[in-house]
**Student:** 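Take a look at this one; I'll ask things after.
Below, chain A is the first sequence line, B the second, and so on; all start at residue 1. Here the structure is a predicted model, which means the values were calculated and not measured. Computed from heavy atoms alone, side chains included, the values below leave out hydrogens, waters and symmetry copies.
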Amino acid sequence: MLSGDIPPSQTIYIKNLNEKVKKEELKRSLYALFSQYGRILDVVALKTPKLRGQAWVVFTEITAASNAVRQMQNFPFYDKPMIFDSVQIASLISLRERIQYAKTKSDCIAKEDGSYDKKKKQEEKAERKRRAEEAQQSTMPNGASAQNGGSTASFRHGNSSAQEAVAPNNILFIENLPHEATSMMLEMLFQQYPGFREVRMIEAKPGIAFVEFEDDQQSSMAMQTLQGFKITPQNPMTITFAKK
DNA sequence: AGCACA
């Protein structure tokens, strides 16, 4: 079940993002997460009903986009110093399935390579609008909003003994950090997520840290997007909920 | 679920 039949491009399409995260916040997080794969030209995210929860990250190089897609696909399960629990595996799987190449060229790329055609663009837009209106007409105009908190915090994987070990917590436990990691570096990374409170590191225990958020959902969001983030290439960080 | 360029 790979990313389907869409050919590689400089732009990756990401779906299933938390719709509650503010647009700017989301763009910044994606930028932070994906800039490890190469230079990013643009991050596009809109909050319109049709486009919320999705984003496009435009790289300067196709290879960077491919790396981003591939890295997420082959998430480093086996490099991890600890055994993965079902919650983490579930969140990794959902991460993997969220990322594909974009179907069409990003405007910022088309502008670069001269293929950007403003007229055509407007026609396409008008066309989309017309079709959307048609669709509106055939259904009853009724704002059916299927709200699904979209949180990773509420997994319902049978096995209650496993669940005990991984109960969501507003405090995250970070492992496999390079020894040169500082609390400021972690702060830069985590503070971009809503609800961030503080980073705590322990002098005597290098390689680990605790990161506190206001609540479980906010910590989950940060965990999900920063899971495996590499401060150095050798050190994908492992994030779990701290034990209560 | 959902592929745009506010």
**Student:** Please report, rounded to the nearest Å, how far the C1' atom of B/dA1 is from the OH atom of A/Y13.
**Tutor:**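 From A/Y13 OH to B/dA1 C1': 8 Å.
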**Student:** Using whole Å, report how far NZ of A/K47 lies from C1' of B/dC5.
**Tutor:**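 Those two atoms, NZ and C1', are 17 Å apart.
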**Student:** A/I99 has an atom CD1; how far is it from atom C1' of B/dC3, in whole Å?
**Tutor:**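 For the pair A/I99 CD1 and B/dC3 C1', the rounded distance is 15 Å.
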**Student:** Could you state the atom-to-atom distance from NZ of A/K105 to P of B/dA4 in whole Å?
**Tutor:**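 That distance rounds to 16 Å.
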**Student:** Nearest whole angstrom, please: distance from the P of B/dG2 to the NZ of A/K103.
**Tutor:**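 Rounded to the whole Å, the gap is 8 Å.
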**Student:** Just the rounded figure in Å: distance from C1' of B/dC5 to CD1 of A/I40.
**Tutor:**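 These atoms are roughly 16 Å apart.
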**Student:** Checking A/L186 against A/I231 for the side-chain contact (heavy atoms from CB on, under 4.5 Å) test, could you report, in this order, the C-alpha distance in whole Å, the side-chain angles of both residues, the deciding distance, and whether it holds?
**Tutor:** CA-CA 9 Å; A/L186 293 177; A/I231 288 179; 3.8 Å; yes
**Student:** When you measure from the side chain of A/D107, which nucleotide among B/dG2, B/dC5, B/dC3 comes out closest?
**Tutor:**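 Nearest to the side-chain atoms of A/D107, counting from C-beta on, is B/dC5.
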**Student:** Just to verify, what does A/E112 make a side chain to side chain donor-acceptor pair (under 3.5 Å) with, not counting sequence neighbours?
**Tutor:**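 Once residues adjacent in sequence are excluded, A/E112 has no partner under the side chain to side chain donor-acceptor pair (under 3.5 Å) criterion.
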**Student:** Please confirm whether the ring centroid of A/Y13 lies under 6.0 Å from the ring centroid of A/Y101.
**Tutor:**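 Ring-ring flag for A/Y13/A/Y101: false, centres at least 6.0 Å apart.
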**Student:** Does a nitrogen or oxygen in the side chain of A/R52 sit under 4.0 Å from OP1 or OP2 of B/dC3?
**Tutor:**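 Checking B/dC3 against A/R52, no side-chain N or O comes under 4.0 Å of OP1 or OP2.
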**Student:** In whole Å, I'd like the distance from the OH atom of A/Y101 to the P atom of B/dC3.
**Tutor:**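 Taking OH of A/Y101 and P of B/dC3, I get 19 Å after rounding.
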**Student:** Between A/Q54 and A/D42, which is nearer to the 5' end of DNA chain B once each is assigned its nearest nucleotide?
**Tutor:**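 Result of the comparison: A/Q54.
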**Student:** Does A/E124 make a side-chain donor-acceptor contact with the base of B/dA4, cut-off 3.5 Å?
**Tutor:**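 Flag unset: no donor-acceptor pair detected.
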**Student:** Would you please confirm or rule out a distance under 4.0 Å between OP1 or OP2 of B/dC5 and any side-chain N or O of A/K121?
**Tutor:**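 Indeed not, no polar side-chain atom of A/K121 lies that close.
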**Student:** How many whole angstroms separate atom CZ of A/R128 from atom P of B/dC5?
**Tutor:**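 My rounded result for the distance is 5 Å.
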**Student:** Anything under 30° is parallel, anything over 60° is perpendicular, the rest tilted; go ahead and classify A/F213 against A/F190.
**Tutor:**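 Ring orientation of A/F213 relative to A/F190: perpendicular.
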**Student:** Check A/M201 against A/A209 and note the closest heavy-atom contact, atom names and distance.
**Tutor:**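 Closest pair (atom of A/M201, atom of A/A209, distance): CG-CB, 3.7 Å.
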**Student:** Below 3.5 Å, does any donor atom in the side chain of A/T48 face an acceptor in the base of B/dA6, or the other way round?
**Tutor:**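 Checked by distance alone, the answer is no.
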**Student:** Considering just the side-chain nitrogens and oxygens of A/K125, establish if one lies under 4.0 Å of OP1 or OP2 belonging to B/dA4.
**Tutor:**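 No, because none of the side-chain N or O atoms of A/K125 sits under 4.0 Å from OP1 or OP2 of B/dA4.
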